[in-house]
Amino acid sequence: LALKDALPNSFARATKERPLYVILDALDQISDSAAGKNLDWLPMGAALPPHVKLLVSTLKTGSTRRAVTKRCGEFAATLKLEGFLDGERETMLDEWLLRDGRQLTDSQRGLLLNASNSDSSSLLLRMLYERSLEWNSSTSISAIGWVPNSAEDAVNLLFD
């Protein structure tokens with residue numbers, strides 16, 4: 001079964017109870033052979049089912065980046081992953097909360113910021129924020145349970 005056929009079949013099995021998170025790193029390193037770089041084999045944007053989340057990384061310039069931007073259109077959210085300067089972690093979290101019309105309790109906010117403090121990339125904070133979308137104001141810290149403090153642990157948690 002070709003990858004172009006296998007991915008939509010796998011994506012179709014995602015449900016609200018069992019969402020599917022797909023992380024593809026370094027798409028810009030895909031071979032030029034077999035039209036790999038045009039990404040026709042990868043469902044993106046509106047083609048993704050509701051319970052499938054796709055995270056891809058590429059260099060900030062180049063043909064692969066242009067293909068991702070073109071294929072995702074309005075569904076693309078672009079993040080430039082760099083380390084944080086003082087206060088940037090808090091500002092980024094506040095901007096996401098404002099954009100999504102959400103609030104966190106002081107203890108939930110502190111949990112996210114403290115957990116992401118040891119990782120200098122925005123990837124961990126973003127993944128923790130996505131997890132926080134499942135919480136409400138009555139979700140206690142003890143009910144939240146373990147929170148990863150590295151991007152690697154956060155990615156592994158997706159697959160547990």
All side chain to side chain donor-acceptor pair (under 3.5 Å) counterparts of [X], not counting sequence neighbours:
X	result
Asp94	Arg109
Thr15	none
Ser142	Ser140

Spacing of [atom1] belonging to [X] relative to [atom2] belonging to [Y], to within rounding of 0.5 Å:
X	Y	atom1	atom2	answer
Thr91	Leu98	OG1	CG	12.0 Å
Tyr21	Leu55	OH	CG	11.5 Å
Ser150	Met127	OG	CE	9.5 Å
Leu112	Glu90	CG	CD	11.5 Å
Leu7	Leu54	CG	CG	9.0 Å
Leu128	Leu93	CG	CG	9.5 Å

| Does the pair Glu130/Arg126 count as a salt bridge with the N-to-O cut at 4.0 Å? |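 Judged by the 4.0 Å cut-off on N to carboxylate O distance, Glu130 and Arg126 do form a salt bridge.
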
Compare every heavy atom of [Y] with every heavy atom of [X], then report the nearest pair and how far apart it is.
X	Y	value
Pro19	Lys16	CD-O, 3.6 Å
Val147	Arg131	CA-NH1, 3.7 Å
Leu124	Ala115	CD2-O, 3.6 Å
Val52	Phe11	CG2-O, 3.6 Å
Leu104	Trp135	CD2-CE3, 4.1 Å
Ser138	Asn136	OG-OD1, 2.6 Å

Step through the shown structure and confirm whether more than 12 heavy atoms of other residues, nucleotides or ligands are within 6.0 Å of [atom1] on [X].
X	atom1	result
Asp100	CG	yes
Arg18	CZ	no
Glu88	CD	yes

| Asn114 side chain vs Gly110 backbone, donor-acceptor pair below 3.5 Å |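 Yes, the answer is positive, given that a donor and an acceptor are paired below the 3.5 Å cut-off.
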
| Flag, side chain of Gln108 to backbone of Thr139, donor-acceptor distance under 3.5 Å | yes

| said: When you compare the side chain of Arg13 with that of Leu20, does any pair of heavy atoms fall below 4.5 Å? | reply: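 In short, these two side chains do not touch, never coming nearer than 4.5 Å.
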
